[in-house]
2 protein chains.
Amino acid sequence: MVRKTKEEAEITRRQIIDAARRVFHECGVSRTTLEKIATAAGVTRGAVYWHFKNKTDLFFAMRDEAKLPMVDQVVFHEDDADPLGGIERALQILIRILAEQPEVRETFEIISFKCEYVDEFAQVLQNASCQLEFLDKLTRAYERAQSHGQLRAGFTPSQLAHDSFLFVGGLFKHWLGRMPDTRFQEWANQLIHTHVALRRA
Amino acid sequence: MVRKTKEEAEITRRQIIDAARRVFHECGVSRTTLEKIATAAGVTRGAVYWHFKNKTDLFFAMRDEAKLPMVDQVVFHEDDADPLGGIERALQILIRILAEQPEVRETFEIISFKCEYVDEFAQVLQNASCQLEFLDKLTRAYERAQSHGQLRAGFTPSQLAHDSFLFVGGLFKHWLGRMPDTRFQEWANQLIHTHVALRRA
DNA sequence: TCTTATACAAACATGCATGTATGTAAATAG
DNA sequence: CTATTTACATACATGCATGTTTGTATAAGA
């Protein structure tokens, strides 16, 4: 029992979160046991229980790690001379992040397909706050596009934003599991281009 | 131990499937125990194990019950004089089914949010066959719309079908949990209308 | 330098879900 | 009418995941 320094302990904590992501992804959250995570991290359950209250606590810690890269890399520039093109670029960046950052992708796959939204986990869904924020950003971007005269007549920014919001939701739902395929990114960019072109004046 | 007739046994089977749906929906598939299901159905685990091999078997039996009403109520009529309007109507029917048939909705909510796609359950996702069929129907409907001159120029039926496919996916993902709200249906129909209007010539 | 808190490992206790085996009364087949 | 099968209920055996407790060597604080 060589006691670790604070920095070493922090490393251990990271390793546990990393291992958790891998095991969650392979076994699903429910079938993942803290023993499996501990083994994958090269520690014992003692370490896991030291750093985290329980599996749920560990799950949310893992989730928060992946939320950041997404929210601060996918941005809609307010001063874009081409707001509609900006929306297209933002969506492309979004799928590029998923394609190029395996940890982020794994986490999103866990959240989407390997976790049951009941009891303590129901609030993950209720994390609509984050989603609503995205919808709001989209709406404002479309408003700017409209004031730049880029939008087709007869559609409000809100309507278009909602449609795009659902588009992204569908993209996540249908393609997350098939991501590492390199052809996918090309494919998704095509779909994004079409989607945006539909709103262009 | 009053032995049941064949018909009574079939009723028992149905009751078990019904109870399974309710408990799956409340507890999630993983946390659902066969004991809970049995109790909810007014039987013992003996009955459950008699009718089904295990929880997985029961899950898929439940799923198959809900698949039928969906596939044969949502249709794209081949001889529609207004194919594009037909697409809009088909999508409206789709959400009406979810709004009006609680059992179907519950099952879809279970599949979407209360089940982890690993091991034996991974094949549910791989039930892409059903999804691909839907995408195919959409594509053919858009082809008919195109030959009727209803589509905006510059977009292929396949592109539009994919975008609509993702739209429906997003609709499922974001609104399934909030369905019983009566305002939702109105809301969804608005979104569907906008979505279809975007493709109109 | 001495003390205390830390960062775990190891051991323990518990409960619960599963699967199977056995029992049984009545339905059904012959 | 008898034999067999059916449709369960009940009882049993097992394993595994969880949470807690205890032990301990050392880092950090005073």
Side-chain angles (χ1 to χ4, degrees), chain A residues 1-62 110 114-116 118-121, chain B residues 1-62 110 114-116 118-121:
Chain A
M1 264 317 319
V2 216
R3 165 158 180 214
K4 309 291 185 61
T5 68
K6 274 189 182 296
E7 301 82 37
E8 287 172 322
E10 181 57 27
I11 291 176
T12 302
R13 190 187 129 95
R14 283 289 174 86
Q15 285 172 338
I16 292 173
I17 290 183
D18 259 47
R21 182 170 17 79
R22 293 198 303 274
V23 183
F24 281 153
H25 190 264
E26 188 191 338
C27 308
V29 175
S30 293
R31 294 184 181 183
T32 292
T33 166
L34 293 185
E35 176 69 35
K36 285 181 187 174
I37 294 177
T39 304
V43 295
T44 68
R45 273 169 52 242
V48 177
Y49 274 106
W50 172 256
H51 286 285
F52 306 94
K53 194 183 161 197
N54 51 33
K55 197 164 74 176
T56 307
D57 188 34
L58 175 51
F59 173 85
F60 283 107
M62 178 208 68
I110 292 166
K114 284 129 195 262
C115 165
E116 299 177 4
V118 288
D119 303 332
E120 331 92 73
F121 291 97
Chain B
M1 266 311 324
V2 216
R3 166 163 179 206
K4 309 291 185 62
T5 68
K6 273 188 183 297
E7 301 84 37
E8 288 172 321
E10 180 57 26
I11 291 176
T12 302
R13 192 188 126 94
R14 283 290 174 86
Q15 285 172 337
I16 292 173
I17 291 184
D18 259 47
R21 184 173 12 82
R22 294 198 303 273
V23 183
F24 281 153
H25 189 265
E26 188 191 340
C27 308
V29 175
S30 293
R31 294 183 181 185
T32 292
T33 166
L34 292 185
E35 177 69 36
K36 286 181 187 173
I37 293 178
T39 303
V43 296
T44 67
R45 273 169 53 244
V48 177
Y49 274 106
W50 172 256
H51 286 283
F52 306 93
K53 194 184 160 197
N54 51 33
K55 197 164 74 175
T56 307
D57 189 33
L58 174 52
F59 173 86
F60 283 107
M62 177 208 67
I110 293 166
K114 282 126 194 264
C115 165
E116 299 178 5
V118 289
D119 303 333
E120 333 91 72
F121 290 97

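In what follows, every chain begins at residue 1, and chains take the letters A, B, ... in the order their sequences are listed.
The A:Ala9 side chain lies nearest to C:dC8 when the options are C:dC8, C:dA9, D:dC8. Which of C:dG19, D:dA17, D:dG19 sits closest to the side chain of A:Thr33 comes down to D:dA17. In the set C:dG19, D:dG19, D:dC8, the nucleotide with an atom closest to the side chain of B:His51 is D:dC8. Among C:dA9, D:dG19, C:dT6, the nucleotide with an atom closest to any side-chain atom of A:Trp50 is C:dT6. With C:dA11, C:dT20, D:dC8 as the candidates, the nucleotide lying closest to the side chain of B:Tyr49 is C:dT20. Here the nucleotide nearest the side chain of B:Arg3, chosen from C:dG19, D:dT5, C:dC8, is D:dT5.
Atom CD of B:Glu10 and atom P of C:dA27 are 18 Å apart (whole Å). As a whole-Å value, the separation of A:Lys6 NZ from C:dA5 P is 13 Å. Atoms NZ (B:Lys55) and C1' (C:dA17) sit 9 Å apart, rounded to a whole Å. In this structure, A:Lys4 atom NZ and D:dA27 atom C1' are separated by 13 Å, rounded to whole Å.
When each of B:Asn54 and A:Val43 is assigned the nucleotide of DNA chain C bearing its nearest heavy atom, the one mapping closer to the 5' terminus is A:Val43. Annotation: of the two residues near DNA chain C, B:Glu8 and B:Arg45, the 5′-most nearest-nucleotide partner is B:Arg45.
The side chain to side chain donor-acceptor pair (under 3.5 Å) check on B:Thr56 picks up B:Glu120, with sequence neighbours excluded.
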